[in-house]
Every structure is written in C-alpha cells, then in structure tokens.
Amino acid sequence: MGLLLAALRPLAVMNENVLTLGRTVGCLAMALMVVAILVQVFFRYVLNNALPWPDEAARFAMLWMTGLMAPTALRRGGFVAIDMLHRFIPHFLAQLLNLFLLTISLLVLCVAVKIGCNEVTGFGGRFATASLHIPFSLDFSQWHRVPRSWMMASLLVGCTLLVMVNIELIIRSLIGLLGGYSKLPPIPEAETDELPAGAE
Amino acid sequence: ADYTLRATANSNENDEDYDGLVVFKNYVEAASNGAIEVELFIGTQLCSNGAECLQGVAEGTIDIYISTSGGASGIFPYVQVLDLPYLMADDRIAEHVLSGDFTRKMREMALEDSDNSIRLMTIGNTGGWRNFANTKHRIASPSDMEGLKIRTVVADLPQELVKALGASPTPIPWPELFTSFQTGVVEGSKNGITDIMNMKFPDAGLKYVTLDGHAYMGALWWMNNQKFLDMPEDQRRVVVDGFYALQQATFASPKRKSIAAYEEFVADGGDLYVPTPEEKAAFKEAATPVFDWFKGNVNRGDEILSALETSVAAAEEDINAARDADMK
Amino acid sequence: MLIWFLPVFLVFLLVGLPVFFGLLAAPGLLLWMNGQERDITLLYRNVYNGMDSFPLMAIPFFMLAGELMNRGGITLRLVEFSQALMGHLRGGLAHVNVLSSMLFAGLSGSAVADTSALGSMLIPAMEKQGYSRRFAAAITAASSVIGPIIPPSGIMIIYAYVMGESVAALFLAGIVPGVLVGLGLMGMVKLMADRYDFPVASRKQTWGERGQAGLKAFFPLLTPVIILGGILGGVFTPTEAAAVAVAYALLIGLFVLRTLTLKEIPDVLNRAGITSAVVLLLVGAAMAFKTVVSLSHAPEIMAETILALSDNPLVLLFLINLLLFVVGMFLDAGPAIIILGPILGPIFTNLGVDPIHFAIIMSVNLTIGLATPPMGLVLFVAASVSREKVENIARAILPFLAVEIAVIFLVTYIPALSMTIPRLTGFAD
Ligand code: NA
Ligand code: NA
C-alpha cells in the first residue's frame with residue numbers, strides 16, 4: 001500500500017494542477033463562445049452584415065471547453081451512473097465492482113486515445129475549416145485556413161486527461177480495497193464521498 | 001456476397017440521391033450475380049456532413065458517399081468550380097460535360113490530393129439548378145438583390161457570389177432555415193425548387209423564385225479507392241457501369257420531380273420569374289468578381305476552371321452539331 | 001449478433017458503469033467480437049462529430065444563463081414573488097415550490113439546475129414549517145421537471161438537433177404542457193394539504209405588496225419574453241437567443257439588480273462549463289451509440305415489431321408511452337432521445353402524428369423520467385440537496401408522479417394542447 005500511496009501523491013498533484021489549467025482555459029473558451037455569438041447577432045441584426053466566422057469559432061471553443069473541463073467532472077464524481085447495485089451487495093464486493101467498472105472505463109479511454117491519435121494525424125484532420133483563418137507570416141500578409149485537426153485535437157486531449165484521472169481513481173480504489181481510506185488525500189470539491197454506501 | 005459496399009447519403013428517401021442509389025444497388029447486385037451486395041444508409045446515421053463522411057470514405061469505414069461541392073470543398077476546394085455562376089447553359093450541356101473528361105480530370109486531382117484514398121466515381125445531379133429565392137420581391141436584375149440577407153452554407157464561394165451581387169450572405173444551419181425565413185432572420189436563399197418545396201419554405205413566406213439557374217447542383221459520388229481497386233476487373237466493370245446507371249437516374253429524377261414542385265409553388269401563389277437573356281447577361285456581368293476570386297484564392301482553381309471551360313466549349317460544339325443533324 | 005450490444009449496454013448500466021462509458025463500451029465490445037474493428041473508429045469519430053454542432057451550443061449557454069441568474073439572487077426574487085401570490089394558501093410553501101419552478105423554467109432549460117437552485121432554498125424552509133423532509137424533497141423534484149418542458153429546454157434542443165425539427169416550434173409547443181404539469185401538481189398539493197392539514201406560509205398579501213414583489217421579479221421574468229420574443233421576431237436564432245440570455249443575465253445581475261459581482265464570474269463559468277462538458281460528452285457518446293444502432297439494423301427490426309402490434313396510432317401511442325416511461329427510468333432523457341427518436345419518430349409521423357406533437361410526447365415523457373427511480377437524475381440531486389435518502393424521496397413522489405403520468409396521457413391524446421400555440425404563431429401546420 002505504501003507503494004500505491006507513493007504513486008498516488010505525485011499523480012494527484014499533477015492532475016490537480018493540469019486540470020486547474022484546463023478549467024481556466026475552458027472558462028475562457030466558454031466566454032469566447034458567448035462573445036462570438038453576440039458579435040454574430042450584432043453584425044447581422046444591427047449592421048446588416050453577417051460574418052462568416054463566429055459559428056465555427058464558437059464551435060471550436062465549445063469542443064475545447066468540453067475536452068478540457070470534462071476530466072474535472074470525472075475526477076469529482078460528476079459522471080452520471082446508476083449506483084443502486086452498490087447498496088445491495090456487501091461492502092467488499094462493492095469495492096471490487098468499483099474497481100472493475102474503473103477498469104472498463106480505462107479500457108474505453110485507452111482505445112479512444114489510440115484512435116484519437118490516428119484521427120488527428122490522419123486524413124480527416126487535413127480538411128480545412130470553412131471560415132477560420134490565421135496569419136502564416138509575421139507581417140500578416142499570408143493567411144491560411146485553420147486545419148480541422150486543431151479542432152479534432154480537443155477530444156484527444158480530453159481523453160488523455162480522462163486517462164490520467166482514471167488511473168488516479170484506480171489507484172485510490174486499490175488503496176481503499178486494502179483498507180487505506182483514511183490515508184487517501186481528499187479530492188477538492190468532489191461531489192460524492194468516495195466511500196460506497198454502507199461503509200460509514 | 002463476396003463484396004459488401006456500404007453506401008451513404010445524408011439526404012432522405014425523397015431525394016434524387018436515393019433514386020440514384022436504388023438504381024445502383026439494383027444494377028450492381030443483379031449484374032454481379034449477387035457477388036456484390038450494396039448496403040444503403042440514408043440520412044445521418046453514419047456521418048452527417050462532407051468532412052465527416054469523406055473522412056470515413058478515405059479511411060474505409062464508408063465505401064460510397066455522395067457530397068455536394070460545398071461538402072467536399074474543405075479538402076478539395078477546386079470542386080467549387082461547379083458553383084461558379086452561369087458557366088453551363090442548360091441540362092444538356094451539363095450532362096454532356098459531366099459524362100466526359102472533365103470528371104476524369106477531377107478524379108485525378110482528388111486522388112492526388114488524398115494520397116490515392118478517395119476516388120470520384122461520377123458526377124450526377126441533386127436538385128436541378130440553384131436559383132435565387134426570397135421572401136421580399138421579384139428579382140429581375142442584380143440591383144434587386146441589393147441588401148437582401150441571403151442564406152448560404154458556410155463556404156467561401158457562395159458567400160463571395162452573394163456579396164458580388166450586392167446582397168448580404170448569412171450562414172444559417174439548414175434545420176433553422178424555415179424559422180429564419182418566417183421570422184426574417186434571412187430573406188432569401190439559393191436552392192433548387194424541390195428542396196424549397198420539400199422544406200415547405202413557401203409556408204414561411206418564400207414566395208419569389210427567379211429561375212436564373214446560377215449553378216448546377218452537382219452530386220459528387222465518392223468511393224474508397226482501395227476498396228474499388230481490390231475488386232477483380234470484372235467486378236470493377238460492374239461497379240463503373242453501376243455508377244453510370246446511377247448518374248443517368250440522377251440526371252432524370254430532378255426533371256420529373258421538379259414539375260410537381262413548380263406547379264405546387266405557383267398554385268400556392270408563388271411568383272416564378274424567368275429572366276430574359278439580357279437580364280441573365282447582367283447577372284453574369286455582376287458575378288465576374290467571383291471568377292477572379294476563384295482563380296486567386298482556390299488552390300488548383302486555374303487548372304480545374306480551364307478544364308471545365310474546355311469541356312463546355314467542346315460540349316457546345318458537339319451538341320450544336322448533333323442538333324443540326326437532328327433537325328435536317 | 002451485433003444486436004446483443006443492447007442487452008450488454010443495459011447490464012453495464014445496471015451494475016453502475018457511468019452512462020458515458022456504457023454507451024461506448026457495449027457497442028465497442030460487440031463490434032470487436034464481430035470482427036468489425038474499422039467500425040470502432042467510426043464509433044469514436046461520431047462522439048466527436050456528435051458534439052460538433054451549432055444548435056447544441058444553446059445547451060452550455062442556457063446552463064450559463066441559469067447559473068448567472070441563480071448567483072444573481074434572481075431565484076430568491078422569483079420565490080418571493082411566488083410566495084406573495086400563493087403563500088397564504090393551505091400548503092403555501094408547497095404551492096410556492098411549484099410556482100417558483102414554473103417561473104424558473106422560463107429562465108432555465110435544466111431540471112437539475114431547478115432542483116439544486118430551488119431545493120437548497122425551499123427544502124430547509126419547508127422543513128422549518130413542519131413539512132417532512134421527504135415530502136419537501138419530493139415536491140421539489142416533481143416540480144423541477146417543468147424546467148425542461150416550459151421553454152427554454154435543453155432536452156428539446158437535443159430533440160430538434162437529432163430530428164431536424166425547429167427548436168422554436170418545440171419551445172412553443174412545450175408551454176401549455178409545462179403549465180399543465182404545474183397546475184396538476186398544485187391540484188395534488190391542494191388535495192394533500194386539505195387532508196393532512198399543511199401549514200400556510202404567510203398571511204394573505206395585499207395587491208400592493210404583490211405588485212412590489214412582482215416589480216422586484218420583473219427583470220428576471222422578462223428573460224423568457226426576450227428569448228421567445230427575439231426568436232419569434234426574427235432577431236436571432238435559438239442558439240443566439242441563448243447567448244443573448246447570458247448577456248442579459250450578466251447585465252441585470254451586475255448593473256440593474258447589482259446582486260452579482262465580477263469576482264463571482266469565474267466560478268460561474270467553471271460550474272456551467274463542467275456541467276455542460278458532461279452533457280455534451282454524453283450527447284456525443286449517444287450519437288456514436290446511435291451509429292451502431294443503425295449498423296445493427298435495429299431500427300428496421302423495431303419498426304416491424306411495433307407495427308405488428310397494431311396499426312392504430314392511438315393504441316401504439318399508449319404502448320410507446322409505456323416503453324418511454326420504462327426507458328426513462330433507466331436512461332437519462334438526452335441519450336434516450338438521441339437513440340430512440342430516430343427510430344420512433346418516423347413510425348409515428350408515417351401514421352399521421354404531427355412531428356411536433358410526437359416530439360412533445362417523447363420529451364415530456366422522458367423528462368418526467370428524470371424524477372423516477374432508479375435513474376432519476378433530479379432524485380439524486382434532491383437527495384444530495386436535502387440529505388434525505390433517494391428511496392424515501394422516491395416513495396413520497398408517487399402521488400405527484402401519478403399526476404404527471406396523467407398529463408402525459410392528456411398531452412398524448414389531445415394534440416391541441418401542444419399544437420395550438422405553434423399553429424397560431426405559424427410554426428406548425
Ligand atoms: Na425551461
Ligand atoms: Na420546485
């Protein structure tokens with residue numbers, strides 16, 4: 001258990017910091033979405049001059065917001081699940097079940113990261129976005145369209161962060177299984193107590 | 001079956017695309033004696049737009065897919081050459097052009113730009129010709145377009161065209177278009193008559209259609225190249241002939257379907273206007289900036305435009321000769 | 001063979017795998033066993049494609065607007081206004097709970113937000129007046145389902161997105177059914193209040209006092225007027241309306257009512273962002289799941305089965321309501337709509353049911369499923385807000401569920417309830 005605790009601490013610290021950064025960027029993305037759409041309304045309705053880019057820019061921001069903020073939800077126990085069974089089986093079995101479920105989740109996420117890498121570097125990423133341009137030279141004389149891969153990377157990054165969180169949760173679950181609840185560092189703002197019902 | 005082809009179209013079973021696919025499926029399955037099976041997925045079950053679906057075609061999760069030029073423009077920007085206004089005069093010219101070397105040229109370019117993964121099988125039609133339609137007043141000359149908010153897809157060329165004619169391009173998602181007409185978020189669109197009637201746009205106030213036919217609604221049929229090349233030669237022949245049958249079906253279907261659509265539109269009190277040759281020339285004149293924009297901004301735009309112009313000239317010559325012979 | 005992913009999915013759900021992972025693990029497993037590995041890529045791709053949508057953006061926007069309103073003390077003003085109107089009745093706070101939910105529904109598209117915002121305020125207040133905790137939590141949960149029935153509504157945004165309907169039409173069609181649920185719950189509260197002698201909350205207010213409370217709630221109550229008025233008046237599309245609602249909430253919170261400070265904004269963004277991220281991922285996963293549903297030809301099989309039962313739309317609507325209710329017990333409304341909408345919608349449209357009417361039947365039924373065990377999201381939230389056991393709330397909510405089931409059938413068999421407003425405004429024919 002000492003080994004598990006030793007592995008958990010640095011991972012927990014890293015996750016906490018990386019996810020805090022993710023949330024900060026995610027919040028900015030959310031704000032950007034609102035601004036982009038308000039600009040769209042203003043230009044079309046007030047100036048009668050619809051802009052081509054706000055739609056896509058806002059979607060860009062929304063996808064990154066999702067990828068960067070969902071891992072925090074997983075870490076805090078915010079992914080929806082039916083936890084009825086946990087209440088009806090003995091405490092030890094409930095813990096084993098929890099570990100099993102976390103393993104399935106990890107499996108799903110690992111496959112997702114693998115496919116995600118191929119997708120971002122693959123053919124689909126080479127499509128150009130329809131309306132997002134960025135300068136390709138310092139004097140702003142050359143503008144290129146943003147490749148779709150920059151948008152697609154949001155889910156890959158999100159899944160990678162989810163893997164890191166999931167590993168942390170698995171280590172926590174193992175420590176719990178070995179009877180080390182009291183030694184687990186608390187997860188800030190976690191929605192539910194991690195102890196399965198009946199453990200109190 | 002030895003080969004199962006998974007074909008998808010993002011439209012619905014009322015669409016020309018579906019007619020084409022049914023003909024294709026029937027021909028291929030019969031002509032291959034059951035060696036090839038065609039599975040149809042109509043709608044957005046597998047993928048829901050050009051970028052998503054073409055990615056599927058490139059990577060083999062989808063074998064056959066039909067896109068519009070707008071749908072493929074994110075990866076093959078030069079396909080928008082079909083959206084350049086007033087290049088082909090009528091169906092007869094367009095069908096001649098699309099049955100010939102122009103399509104082969106585009107196939108070659110797309111294979112080059114997709115590392116030999118996406119093959120253009122044929123170009124058919126989906127919905128006839130694009131016309132300007134609006135909720136405000138009859139459009140007889142470019143000046144009537146001044147200030148109108150016209151819905152376009154999120155793509156460069158249609159937006160440039162609307163701007164060149166003095167109107168204001170407004171991107172609106174297709175499902176929101178009905179409401180947007182009704183409430184006045186937009187005042188016009190560029191669509192074929194069958195789409196206009198299928199979506200019941202006249203109920204939302206779309207009462208004026210000008211048959212300027214500014215663009216041919218080409219349907220680009222793509223296939224995973226590996227899947228095609230992996231078939232033995234006799235089966236490839238069946239597939240190629242199947243796409244020929246499909247193309248013919250999609251050429252014919254909109255003509256048949258548009259008759260009832262036009263009748264219904266007029267019966268509902270719609271205003272259908274056919275511009276005179278002089279008026280059409282004025283539209284063409286006003287739209288010239290789009291051609292400069294296309295040549296200046298679209299990668300390989302020059303190359304494809306000259307291929308199209310060459311084909312159109314040849315088609316006009318062939319057809320005129322044939323017509324003269326038929327009239328004797 | 002592939003079709004087995006449906007029972008596998010159900011098993012995953014019941015043993016407690018988060019819905020998001022279950023939606024991917026079950027079809028992924030079966031595709032892998034079936035040797036269709038290329039389609040696992042398609043599964044992943046459609047999670048991404050499912051989220052990449054402009055209409056869906058209204059969901060994070062309405063979440064954000066709701067969060068801003070709640071921070072801005074606006075919820076409190078709605079409750080005070082409700083109390084001024086109904087506090088003097090027997091069972092006053094229970095009535096206030098329902099009316100507040102109806103008013104809150106005009107600002108928020110989420111039942112969960114309703115439960116947590118109103119529950120944290122009203123459940124302790126009701127307990128103080130002598131209501132049992134389980135009753136207070138139950139009426140909070142039961143009335144919060146009005147949130148996504150009266151516009152705006154996250155669930156109807158998802159329905160419109162998946163089925164290609166107009167968001168505006170669905171919003172308009174939800175108004176009467178939502179009010180009906182509210183009135184029905186008030187009726188049940190009155191029955192129970194007379195029988196169990198519930199307390200009154202306050203003395204009867206004069207019309208002057210009511211006017212004052214109304215004035216304080218004026219700006220928040222203007223929100224639905226701006227949203228619907230803006231959409232109907234052609235100023236903006238529903239997604240844009242949602243962004244405008246955010247700006248409006250910010251404006252009145254910061255400058256008009258001064259109940260919000262700039263310092264609170266990052267926290268508001270954070271909360272709205274995390275909640276939306278979970279919902280959007282779930283939408284993506286459900287869209288991917290739907291892909292495998294199509295590949296397995298389940299829709300054709302299901303359509304045949306259903307039409308073999310009867311060809312009378314009235315009978316089929318009854319059966320479908322039962323099915324939806326059971327599905328709603330186990331599955332969140334969003335994923336249920338994404339998976340079942342494309343299967344059931346066309347069957348009933350072909351039988352002559354108006355697509356908007358069917359959308360409302362499905363949305364109302366699955367929304368009420370949010371308050372049924374075992375998978376009732378708002379039951380969970382009510383439990384955590386009130387610290388009462390889910391089982392106890394689930395029992396106390398039964399009379400209210402009975403009322404809501406009655407509303408489902410009214411809405412099903414009287415199309416005019418949902419169709420009149422969209423027809424009068426020209427959004428349906
Ligand atoms: Na609402
Ligand atoms: Na309530």
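Proteins come first, then strands; the chains are lettered A, B, ... in the order of their sequence lines, and each starts at number 1. Note that this is a predicted model, so its numbers are computed, not measured.
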Per-residue contact mode, C:Val167 against chain B (heavy atom under 4.5 angstrom): both
Applying a strict 4.5 Å limit to non-hydrogen atoms, the region of B:Ile172 in contact with chain C is side chain
Checking C:Ser53 against chain B: side chain, backbone, both or neither under 4.5 Å from a heavy atom? neither
Can you tell me which of B:Gln45, B:Glu59, B:Glu39 forms the most heavy-atom pairs within a distance under 4.5 Å of chain C? B:Gln45
Part of C:Gln36 within contact of chain B (heavy atom distance under 4.5 Å): side chain
Would you say the side chain of B:Tyr65 lies within less than 4.5 Å of the side chain of B:Leu46, judging by non-hydrogen atoms? no
Hey, mind stepping through B:Lys190 and B:Asp83 against salt bridge (Lys or Arg N to Asp or Glu O under 4.0 Å) and telling me if it holds? CA-CA 11 Å; B:Lys190 18 203 269 90; B:Asp83 295 328; over 6 Å; no
Heavy-atom cut-off 4.5 Å, strictly under: side chain, backbone, both or neither for C:Arg45 against chain B? side chain
Does any non-hydrogen side-chain atom of C:Leu222 lie less than 4.5 Å from one of C:Tyr248? yes
Kindly indicate whether the side chain of B:Ile62, heavy atoms from C-beta on, has any atom under 4.5 Å from the side chain of B:Asn224. no
Under a 4.5 Å heavy-atom cut-off, does chain B meet the side chain of C:Leu232, its backbone, both or neither? backbone
Among side-chain atoms of C:Ser166 and B:Thr179, is any donor-acceptor pair under 3.5 angstrom? yes
Can you find a heavy atom in the side chain of C:Met163 that is under 4.5 Å from one in the side chain of C:Ile337? no
Bottom line for B:Gln182: the part with an atom under 4.5 Å from chain C's heavy atoms is side chain
Contacting moiety of C:Phe236, where chain B heavy atoms sit under 4.5 Å: backbone
At a 4.5 Å cut-off on heavy atoms, which part of B:Ser180 comes close to chain C: side chain, backbone, both, or neither? side chain
Measure B:Gln55 against the heavy atoms of chain C and call it side chain, backbone, both or neither at under 4.5 Å. both
With rounding to the nearest 0.5 angstrom, report the CZ to CZ distance, C:Phe289 to C:Phe9. 5.0 Å
Quick one: does C:Leu24's side chain get under 4.5 Å of C:Phe20's, heavy atoms only? yes
Please tell me if the side chains of B:Val38 and B:Ile64 come closer than 4.5 Å, counting only heavy atoms from C-beta onward. no
Options C:Val235, C:Leu295, C:Ile231, ranked by heavy-atom pairs under 4.5 Å with chain B, top entry: C:Leu295
Can you check whether B:Leu54 reaches B:Ile118 side chain to side chain, under 4.5 Å on heavy atoms? yes
Of the backbone (N, CA, C, O) and the side chain (C-beta and beyond), which part of C:Asn46 lies under 4.5 Å from a heavy atom of chain B, both, or neither? side chain
Just so I understand: if I count every heavy-atom pair under 4.5 Å between each of B:Phe178, B:Phe181, B:Phe41 and chain C, which residue has the most? B:Phe41
Heavy-atom proximity to chain C below 4.5 Å, by part of B:Asp203: side chain
